[in-house]
Amino acid sequence: MVVSRRQAIREGWLHRVAVTVCRDERGRILVHRRSERLSRFPRLYEVVVGGAVDAGESYEQAAARELAEELGIRVLPRLLFTFLNRSGLSPHWLGVHEAVVPDAVAADPDEVAWHGWLTEPELRSALLEWPFTPDSRETFSRYLAFRTAQP
């Protein structure tokens with residue numbers, strides 16, 4: 001049975017979400033503030049770009065689609081890991097990707113109210129001070145642990 005993300009959240013059903021940590025050539029991380037028009041977590045900051053994985057779609061395909069929709073960029077992000085995320089509105093499988101993207105992005109104003117590039121130390125400070133989505137905090141923590149564990 002195929003259901004919408006909205007229905008999966010409402011019913012508390014597991015669903016899949018693909019997100020990407022976007023870095024520029026200098027290693028800075030893209031951070032953005034969600035549009036006030038969005039139904040989930042309006043005006044909160046995010047460390048990742050992403051959304052629901054459609055039926056029959058891979059995590060990588062969904063991540064690439066979301067990057068094109070939200071930032072106007074066409075890259076193939078690399079899947080790093082998946083985990084069962086219980087933060088946020090309902091439990092979901094989260095596929096975490098990484099991609100090097102251009103400094104200049106064409107963010108969709110219906111999705112993104114503001115965006116900027118932060119170094120890892122700047123982002124760690126921002127996570128303590130700015131209102132971030134629950135997914136961002138959990139995902140970035142696991143992302144850093146994953147990167148540290150890599151040889």
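Only heavy atoms go into these numbers, but all of them, side chains included; no hydrogens, no water, no symmetry mates. Note that this is a predicted model, so its numbers are computed, not measured.
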Any donor-acceptor pair under 3.5 Å linking the side chain of [X] with the backbone of [Y]?
{"X": "R16", "Y": "V53", "value": "no"}
{"X": "T148", "Y": "L144", "value": "yes"}
{"X": "H32", "Y": "L30", "value": "no"}

Which pair of non-hydrogen atoms, one from [X] and one from [Y], has the smallest distance, and what is that distance?
{"X": "A68", "Y": "R74", "result": "CB-NH1, 3.0 Å"}
{"X": "Q61", "Y": "G56", "result": "OE1-O, 4.1 Å"}
{"X": "W117", "Y": "D24", "result": "CZ3-N, 3.4 Å"}
{"X": "R34", "Y": "A113", "result": "O-CB, 4.0 Å"}
{"X": "T20", "Y": "A63", "result": "OG1-CB, 3.5 Å"}
{"X": "T82", "Y": "G95", "result": "CG2-CA, 3.8 Å"}

Please determine whether residues [X] and [Y] belong to a single hydrophobic cluster, defined as Ile, Leu, Val, Met, Phe, Trp and Tyr linked transitively by side-chain heavy-atom distances below 4.5 Å.
{"X": "F81", "Y": "V49", "value": "no"}
{"X": "Y59", "Y": "L84", "value": "yes"}
{"X": "L94", "Y": "F146", "value": "yes"}
{"X": "F140", "Y": "L80", "value": "yes"}
{"X": "W114", "Y": "V105", "value": "no"}

Report yes if the side chains of [X] and [Y] come closer than 4.5 Å at any heavy-atom pair, otherwise no.
{"X": "R26", "Y": "D103", "answer": "yes"}
{"X": "V112", "Y": "D108", "answer": "no"}
{"X": "V96", "Y": "V19", "answer": "yes"}
{"X": "R86", "Y": "P91", "answer": "yes"}
{"X": "V101", "Y": "L71", "answer": "no"}
{"X": "S35", "Y": "D110", "answer": "no"}

Item to check | Criterion side-chain contact (heavy atoms from CB on, under 4.5 Å) on L123 and V47, from CA distance to verdict | outcome: CA-CA 9 Å; L123 180 50; V47 176; 3.9 Å; yes
Checklist entry - Less than 4.0 Å between a side-chain N and a carboxylate O, is that true for E120 and R23? => result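 So R23 pairs with E120 through a salt bridge.
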Between [atom1] of [X] and [atom2] of [Y], what distance do you get to the nearest 0.5 Å?
{"X": "R124", "Y": "L118", "atom1": "CZ", "atom2": "CG", "result": "12.5 Å"}
{"X": "D135", "Y": "N85", "atom1": "CG", "atom2": "CG", "result": "4.5 Å"}
{"X": "E46", "Y": "E111", "atom1": "CD", "atom2": "CD", "result": "9.5 Å"}
{"X": "L127", "Y": "S141", "atom1": "CG", "atom2": "OG", "result": "9.5 Å"}
{"X": "R78", "Y": "E60", "atom1": "CZ", "atom2": "CD", "result": "11.0 Å"}

Next on the checklist: Less than 6.0 angstrom from the centroid, inside 45 degrees of the normal: does R142 satisfy that with respect to the ring of F83?
Outcome noted: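 Here R142 passes the 6.0 Å and 45° test against F83.
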Checklist entry - How are the rings of Y45 and F132 set relative to one another: parallel (under 30°), tilted (30 to 60°) or perpendicular (over 60°)? => result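 Tilted, since the angle between the ring planes falls between 30° and 60°.
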Item to check | Worked verdict on E122 versus R28 for side-chain contact (heavy atoms from CB on, under 4.5 Å) | outcome: CA-CA 9 Å; E122 290 169 336; R28 297 178 303 171; 5.8 Å; no
Checklist entry - If you draw a 6.0 Å radius around CD in E25, do more than 12 non-hydrogen atoms from other residues or ligands fall strictly inside? => result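 12 or below, so no.
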Next on the checklist: Does L67 form a side-chain contact (heavy atoms from CB on, under 4.5 Å) with C22? I'd like the steps, not just the answer.
Outcome noted: CA-CA 9 Å; L67 288 171; C22 297; 3.6 Å; yes
Item to check | W130 vs V31, side-chain contact (heavy atoms from CB on, under 4.5 Å): CA-CA, chis, key distance, verdict | outcome: CA-CA 11 Å; W130 301 356; V31 175; 4.2 Å; yes
